[in-house]
Amino acid sequence: MHLPSEMLHGSICPVTATIAIAGVAAATLFARKSDTRPSASRFALVSGTVFALQMLNYPIGGGLSGHALGGLLASSLLGTPFGILSVSLVLLLQTLLFADGGLLMLGANTLNMALIGAGLGGVLHARLQAHVGRSVSLVASAGLSVMAAVGALVAELSAAGVGSSALYTSLAIHHIPVALGEGLVTLLLYRLLSAVPLTDAAKGASPVARSTAWTVYGALLIGALLLAPLASASPDALEGTLSSFHLLPDAPNFAHAPWADYQFTADGGYLSIFLAALAGLGATLLSAMLLRRAISRA
């Protein structure tokens, strides 16, 4: 769902950038005031998990692929403010390091996937789980957060005068299987990771429990790294739909990205993608650790 360069025009980019900056600033303020802050380790590991999930494209039919956004997963494991910050950080690194999403589109991408995907999704989950139970709420909120992000994307394209009702309908239809996959992945990973005692409130956890936590996250991230080069090469639901309507721009996303298109070396191949994924994961873990500690010191 990463908008490429030159998809939005006119005032849409500065407007979405302003909303994104204000939203991330508000999330930072709420995170600083939160009584249940995740530890720096947990924040980094969940952010790394979101980064890894977004690399694992799977086929959804029609020559298209999808991948988990991880917004609600981040919010459910970290709390909504930290979930927003986690996804925002991942989106920033994806743009700067891998040219994944246009640089001027970063505001819109952050609005759609962080503020709506993690923020609105997290708020919806908090309200919904009291009525339908946590599991149902996770699946429903995750799926609805994806469709809400698609709705925002359609509104942005429409405001920019890009596309038609046929394009917007096609985008919505093609993202339905992505939303279903988001719900399933969120539920499975939440059940796997929610018991991991890596929060400030759990500093007194036994060494065995903490060792188990690192083992679970480590196995998950290593598995994602190994699978990343084997992910579906089909265009994702957004890119493929735009291409079918001849609206996919040719402009590069960010010319100075060191590992554009998730390629570590020019020759490509399994090792090149693996090394790029490893570099990206390392950058995410380090940046998230520094961000979390900066919030504590602020």
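For the numbers below, each heavy atom of this structure counts, side chains included, while hydrogens, waters and symmetry mates do not.
- Looking only at side-chain heavy atoms (C-beta outward), Arg37 and Ser296 come within less than 4.5 Å of each other.
- Between the side chain of Ser272 and the backbone N or O of Thr265 there is at least one donor-acceptor pair closer than 3.5 Å.
- Here the closest non-hydrogen pair linking Leu106 and Leu92 is CD2-CD1, 3.7 Å.
- Going from atom CG of Leu91 over to atom CE of Met105 covers 14.0 Å, rounded to the nearest 0.5 Å.
- Side-chain polar atoms of Ser47 and Ser86 form a donor-acceptor pair below 3.5 angstrom.
- Under the 30°/60° scheme for interplanar angles, the aromatic rings of Phe98 and Tyr262 are found to lie parallel.
- Looking only at side-chain heavy atoms (C-beta outward), Leu64 and Ser234 stay at 4.5 Å or farther from each other.
- Heavy-atom neighbours of Phe30 CZ from other residues, nucleotides or ligands within 6.0 Å: at or below the threshold of 12.
- Nearest heavy atom pair, residue Met147 against residue Ala172, reads CE-O, 3.6 Å.
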(Q) Applying side-chain contact (heavy atoms from CB on, under 4.5 Å) to Glu156 and Leu8, what does each step give before you reach the verdict? (A) CA-CA 7 Å; Glu156 291 153 6; Leu8 302 178; 4.1 Å; yes
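- Contact of the Ser287 side chain with the Leu93 side chain is registered, since non-hydrogen atoms from C-beta on lie closer than 4.5 Å.
- With hydrogens and angles left out, the side-chain atoms of Ser65 and Asn57 include a donor and acceptor closer than 3.5 Å.
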(Q) Evaluate Leu193 against Leu220 for side-chain contact (heavy atoms from CB on, under 4.5 Å), listing each step before the verdict. (A) CA-CA 10 Å; Leu193 300 175; Leu220 178 63; 4.0 Å; yes
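- His256 and Phe254 have perpendicular rings, their planes meeting at more than 60° on a 0 to 90° scale where under 30° would count as parallel.
- Counting only heavy atoms from C-beta outward, the side chains of Met1 and Asp236 never approach each other to under 4.5 Å.
- Taking all atoms of both residues into account, the shortest heavy-atom contact from Leu225 to Leu281 is CD1-CD2, 3.7 Å.
- For the residue pair Leu97 and Ala283, the shortest heavy atom distance occurs at CD1-CB, 3.8 Å.
- Under a 3.5 Å cut-off, the side chain of Glu182 and the backbone N or O of Leu69 do form a donor-acceptor pair.
- Looking only at atom types and distance, the side chain of Gln54 has no donor-acceptor partner in the side chain of Asp100 under 3.5 Å away.
- Put simply, the side chain of His2 does not reach to within 4.5 Å of the side chain of Asn253, judged on heavy atoms.
- Summarising the geometry, atom CG belonging to Asn109 is positioned 8.5 Å from atom OG1 belonging to Thr16; distances are rounded to the nearest 0.5 Å.
- Interatomic distance, OH of Tyr168 versus CD1 of Ile173, reported as 15.0 Å (0.5 Å rounding).
- Under 3.5 Å, the side chains of Arg32 and Thr28 contain no donor-acceptor pair of N or O atoms.
- Between Gly121 and Leu72, the shortest heavy-atom contact is O-CD1, 3.4 Å.
- In this structure, the side chains of Leu238 and Leu171 come closer than 4.5 Å at one or more pairs of heavy atoms.
- Using a 4.5 Å cut-off on side-chain heavy atoms (C-beta onward), Leu77 and Leu189 make no contact.
- Within the 4.5 Å cutoff, the side chain of Ser145 has no heavy atoms near those of the His125 side chain.
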Q) How far apart are the C-alpha atoms of Leu188 and Leu192, what are their side-chain angles, what is the distance that settles it, and do they pass the side-chain contact (heavy atoms from CB on, under 4.5 Å) test? A) CA-CA 6 Å; Leu188 292 177; Leu192 176 66; over 6 Å; no
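- The CG atom of Leu3 sits 6.0 Å away from atom CG of Leu157, with the distance rounded to the nearest 0.5 Å.
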(Q) Set out, in order, the CA-CA distance, both residues' side-chain angles and the distance that settles side-chain contact (heavy atoms from CB on, under 4.5 Å) for Thr186 and Val139, then state yes or no. (A) CA-CA 7 Å; Thr186 299; Val139 174; over 6 Å; no
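- With a 6.0 Å radius and a threshold of 12 heavy atoms from other residues, nucleotides or ligands, Asp35 has its CG atom at or below the threshold.
- A pairwise comparison of heavy atoms in Ala149 and Asn112 identifies CB-O, 3.3 Å as the closest pair.
- Atom CE in Met55 sits 11.0 Å away from atom CG in Leu227 (nearest 0.5 Å).
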